[in-house]
Amino acid sequence: MSKTTYRFCAGPWNFSEGRDPYGPETRLPQSFDWKLAALKQLGFDAMMFHDDDAVPDIDTKSSAQVLKEAKALRRKLDDAGIVAELVAPRLWFAPQTVDGGFTSNRAADRRYALDRSKQTLDIARVLGTDLIVLWLAREGTYVRESKSGARSTALLVEALDALLAHDRQARLCIEPKPNEPMDHAYLPTIGHALAIAQLTRAPQRVGCLIESAHSVLAGLDPADEIDFAMAFGKLWSLHLNDQNGLKYDQDKPFGSANLRSAFNQVCALERNGYGRRGEYVAFDVHPFRTTREEHYLRHLDNSRKTFLHLVAKARSYPKQQAAALIADRNYQDLDQLVIEHLLGC
Ligand code: XLS
Ligand code: MG
């Protein structure tokens, strides 16, 4: 089989300015045009968007105005030679989403979430992509007794069905994350995402996006999540990054915390042929707070470099030696084989 040539993607939010809950920005913001040119210069092929990355201040604009601005963005992307990979409704910022979007206890707020997500589908169509990502940020609870899990599941299915009906070509990717901002989120893992797909009117159009850090936060191995999703043909997008254990969401450069896990993720992508049906490798990474403006792009460039180095490592892995050790159940030396391969010994 010929080797996959990977294509890369990042979002405008991946050029964050360093704000955290304990302090303000440490870098000046860059304009959208600057980010677009930077991605192109780095050799990236695509950009991913939140609805309000595509159309800023989206809630203050009419539908006609939103679509007009989406068209202007499409022209800008075409001119730059950058593709829109996907669009995601930002359902966690507006006052209407304080208690969640689709699972909010207030009907008016649920309607807001649905209308906003339908509009995201319209924006995606203008931008030339059929892919929508649902990171269900606030679909969960701080106080478990405040919502019924059974009702929330039904509400999520209802929302997915409404979106599938709104655009009959669109594909919905659920991006699971077990916590943060919520104490407990509904749909915390890929298993949940793929299971709820089966309850919808068009299961074949509901898939998933795996983010490495989110799998780690769920106590899972991202490589296993990749293998599992790809066994269903449902891994339609990917947010590679890294996460140092069970902490706040770190969005570290790919391979930064656990190189061996990053290697295993790349091996899983390789063995399942990720990228062969046009899927992109996106890096949902952020610069460290200490990073200076002149190094604004390093985390993206470094993640891509690490990814490509690991692709080379996956392809040069001594498979026969490994197979012999596995046949002999000598996992002790298999472990060392992997370590020495990664160390280049
Ligand atoms: C946050 C998510 C977010 C999504 C897109 O944790 O990773 O960045 O990828 O809404
Ligand atoms: Mg993400």
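In each ligand, atom 1 is the first atom listed, and ligand 1 is the first ligand listed. Not measured: the values here are computed from a predicted model.
Protein-derived N/O/S atoms nearer than 2.8 Å to the Mg ion (ligand 2) total 4, waters excluded.
Here the side chain of Ser146 pairs no donor or acceptor atom with the backbone of Tyr142 at under 3.5 angstrom. Not one N or O on the side chain of Ser256 forms a donor-acceptor pair closer than 3.5 Å with the backbone of Lys252. For Asp130 (side chain) and Arg171 (main-chain N/O), no donor-acceptor pair under 3.5 Å exists by modelled atom type. Here the side chain of Asp167 pairs a donor or acceptor atom with the backbone of Gln169 at under 3.5 angstrom.
Judged by a 6.0 Å distance limit and a 45° cone about the ring axis, Arg27 is positioned over the six-membered ring of Tyr296.
Taking the ring centroids of His341 and Tyr317, they lie under the 6.0 Å cut-off.
Taking the six-membered ring where the residue is Trp, Trp92 and Trp135 present perpendicular rings, their angle passing 60° and hence far from 30°.
The residues lining ligand 1, counting any heavy atom closer than 4.0 Å, are Trp13, His50, Trp92, Trp135, Glu175, Lys177, Glu211, His214, His239, Asp249, Asp284.
Ion pairing between Asp79 and Lys76 fails under the 4.0 Å rule for side-chain N and carboxylate O.
For Gln320, the CD atom counts as loosely surrounded, since its 6.0 Å shell holds 12 or fewer non-hydrogen atoms of other residues, nucleotides or ligands.
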